[in-house]
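These notes are about the structure you will find just below.
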Amino acid sequence: MLGLMQDYPLLVQTIIDHAALNHAEREMVTRSIEGPIRRCTYRDLRTRALRVAKALRHEGVGIGDRIATMAWNTDRHVEVWYGIMGIGAICHTLNPRLFAEQLLYIINHAEDRILFVDLTFVPIVEALAGKLPSINKYIILTDDTHMPDTTLPNAIAYESWLAAHDADFAWASFDENTAAGLCYTSGTTGDPKGVLYSHRSNVLHGLVGNQPDVFGLTSKHVVLPIVPMFHANAWALAFSAPAAGACMVMPGAGMDGKSVYELLDAEKVSASAAVPTVWLGLLQYLEENNLKLPYLDKVVIGGAACPRMMMETLEKDYGVEVIHAWGMTEMSPIGTTGKLKYSSENLPYEEKIDLKLKQGRAPYLVEMKITNDEGDDLPRDGKTSGHLLVRGPSISSAYFKHDANILDEDGWFDTGDIANIDALGYMQITDRDKDVIKSGGEWISSIEIENTAVGCDGVAEAAVIGIPHPKWTERPLLIIVRKPGSDVSTEDILAYLDGKIASWWMPDAVEFIDEIPHTATGKIQKMALREQFGGYKF
Ligand code: ADP
């Protein structure tokens, strides 16, 4: 027997409708690409999103068409995002930090029809345009006054394009499983792969992301999503924040410490989210200028491991709660967050930090487990490491235009991460399966050595790779970038590590380099380091 409840499809446009009706006056504040701060309300935003939808329809765009954006987090990007999705087209967010060949591959693979591009990225797109046959219009996210001279064919300023259309338009209606968004993983191995979100997965993920132990946003919050919409959907904030009626402060192109601080202070931001590098920049700026963060309550840090120093400094010196998060593009992206449970409230401070530094526990609608190489489930004892598998309604079941099956027979997706899970449900990543160092039949966590090493005075960044070893199979090499002006030595670093990691994990050597290569999403490029140190002998 079926239940007798309304058939109400979970479509993302219902989020912006809800915000415009119930939080009509709530603001979105944007540091515009042109410079000045711009303000609108959720009511305005919906009106403009409807105009985008109408204008797209006028261009002949319909269900399933891919429309690309290469844009910072701004009001215009959000209205374009809802405008595209609201007619059943697919918003393909492009990461401008990808290499030119990757962008070419991605745009052509997606067969994007129109590209919305921020002023900042016009030169990147100009260099590619000759090889993008599917794109028939370039809409530059600015007005006529700021329109650059461009070689882009069929280019138009966004405001002029929009001017021809009013908001007298109704969203399309369709099945909730219709595709809504497309985001390619950076593809550290092989070609980038397209993750195709649906309306249903996005709506559910917006709710998942807003559970109290995840972002927990309310209509009182002022949230600064620093994590870009092109990096795994700004961790669902463009759905969670309007659904909650939280004020959104959009940072535009300003990710440096000074720009971030200015918005945090001027707009009295209470919650924010970004990768560790952004917080590092902010902390440096605060220290240099002797500033505090009186309004900020909590920050979510993820995308890469949050260093202990960062968590302690933010919590102790600035009174900001740090929520460590883990996830991936394929998971929409939130997988876990590390808020403490009731059972941990009376732990000593150091132990609380130990627990919060793990990658966190699964919210409702994310299932996870660890298995060994044979696929057998491993115990949740906080010690045994295995392959981390996940399952849920906002997790990929396949890649766009790829035949390969990516789920096992029970529907689990292998994240490619190696992790342990403790009895309380906290998961801790110990490595990527391709980065783990196999030494004498045991696994050494490159990540744990890196995280410990960055705590040593004078160390700016650390990376660990496995070097082939005749007796042990592999042994760890620690690669260090010194802080400017520091002369920290191999001996200093090894002495610092002594006692903090298992003795058999001790790197066999330390090398100093000027810069560690990063991927487009800010992760250490271990492949590049392995090439750079190919043939290395201890
Ligand atoms: P890509 O950078 O390849 O596009 P994602 O942005 O989806 O991929 O990154 C997903 C991966 O990033 C995870 O599988 C994990 O290895 C790593 N990651 C994400 N968050 C954390 C974290 N808090 N700690 C450690 N690793 C993390």
Side-chain angles (χ1 to χ4, degrees), residues 93-99 102-103 105-106 181-195 197 205 214 227-236 273-279 299-308 310-311 322-339 355-362 366 368 370 385 387-390 394-396 399 406 413-420 426-436 445-452 454 462-464 517-528:
T93 46
L94 293 167
N95 184 342
R97 297 173 189 143
L98 294 176
F99 301 119
Q102 287 177 316
L103 283 169
Y105 172 87
I106 287 174
L182 179 61
C183 183
Y184 283 73
T185 63
S186 27
T188 26
T189 50
D191 284 327
K193 293 184 286 290
V195 175
Y197 308 102
H205 200 63
V214 188
V227 55
M229 289 158 72
F230 59 72
H231 187 194
N233 294 318
W235 302 350
V275 294
T277 3
V278 169
W279 300 117
V299 294
V300 175
I301 303 185
C306 172
R308 177 178 281 268
M310 185 173 286
M311 186 176 282
V322 174
I323 303 169
H324 192 193
W326 163 86
M328 61 196 310
T329 308
E330 286 89 336
M331 298 183 74
S332 289
I334 302 163
T336 56
T337 49
K339 251 195 185 267
L355 208 51
K356 278 160 64 86
L357 280 169
K358 294 189 177 192
Q359 272 65 23
R361 52 199 169 78
V366 175
M368 60 184 185
I370 47 173
S385 280
H387 301 278
L388 180 62
L389 273 53
V390 292
S394 305
I395 297 172
S396 294
Y399 292 110
I406 61 169
F413 172 77
D414 186 343
T415 62
D417 284 320
I418 303 294
N420 62 60
Y426 287 84
M427 180 273 289
Q428 182 175 29
I429 304 258
T430 51
D431 235 317
R432 293 290 293 167
D433 57 12
K434 45 190 187 298
D435 296 337
V436 70
S445 161
S446 64
I447 292 183
E448 198 168 326
I449 306 178
E450 288 160 7
N451 288 346
T452 313
V454 289
V464 173
H518 289 100
T519 67
T521 47
K523 299 184 176 60
I524 295 175
Q525 253 184 332
K526 295 264 173 106
M527 284 248 284

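Computed from a prediction, not measured in an experiment: that's the story for all the values here. Every number for a ligand or one of its atoms is a count from 1 in the order of the listing. These numbers come from the heavy atoms of this one structure, side chains and all, not from hydrogens, waters or symmetry mates.
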Give the atom numbers and elements of ligand 1 that come within less than 4.0 Å of a heavy atom of [X].
X: Q359; answer: 22 (C), 23 (N), 24 (N), 25 (C)
X: A325; answer: 20 (N), 22 (C), 23 (N)
X: H231; answer: 6 (O)
X: M328; answer: 7 (O), 10 (C), 14 (O)

Ligand 1 N/O within reach of [X] N/O, cut-off under 3.5 Å:
X: G303; answer: yes
X: A305; answer: yes
X: T185; answer: no

Residues in ring pair (Phe, Tyr, Trp, His ring centres under 6.0 Å) contact with F99, at least two apart in sequence or another chain: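 Scan of F99 (ring pair (Phe, Tyr, Trp, His ring centres under 6.0 Å), adjacent residues dropped) gives none.
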
Do W326 and K358 have side chains that approach each other closer than 4.5 Å (heavy atoms only, starting at C-beta)?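 Of all side-chain heavy-atom pairs linking K358 with W326, none is under 4.5 Å.
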
With side chains defined as the heavy atoms from C-beta onward, is the minimum distance between N420 and S385 less than 4.5 Å?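 Yes, at least one pair of side-chain atoms sits under 4.5 Å.
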
Can you name the salt bridge (charged side-chain N to carboxylate O under 4.0 Å, His left out) partners of R308, sequence neighbours left out?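 R308 satisfies salt bridge (charged side-chain N to carboxylate O under 4.0 Å, His left out) with E312, E350, D354 only.
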
Examine distances only and state if a side-chain atom of T430 and a backbone atom of I418 form a donor-acceptor pair shorter than 3.5 Å.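 At least one qualifying donor-acceptor pair exists.
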
Does the H324 side chain pair with the main chain of G360, one donor and one acceptor, at a distance under 3.5 Å?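 The answer is no, because no donor-acceptor pair under 3.5 Å joins these two groups.
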
One residue to check: A304. Relative to ligand 1, which of side chain, backbone, both or neither has a non-hydrogen atom less than 4.0 Å away?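 The backbone, only.
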
Examine ligand 1 and decide if any of its atoms is less than 4.0 Å from a heavy atom belonging to A232.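 Outside the 4.0 Å threshold, so no.
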
Which residue from I429, T415, T336, T329 reaches closest to atom 7 (O) of ligand 1 through any of its heavy atoms?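 Heavy atom nearest to atom 7 (O) of ligand 1 belongs to T329.
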
Indicate whether any N or O donor in one side chain lies under 3.5 Å from an N or O acceptor in the other, for S446 and K526.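 Looking only at side-chain atoms, K526 and S446 do form a donor-acceptor pair, the distance falling under 3.5 Å.
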
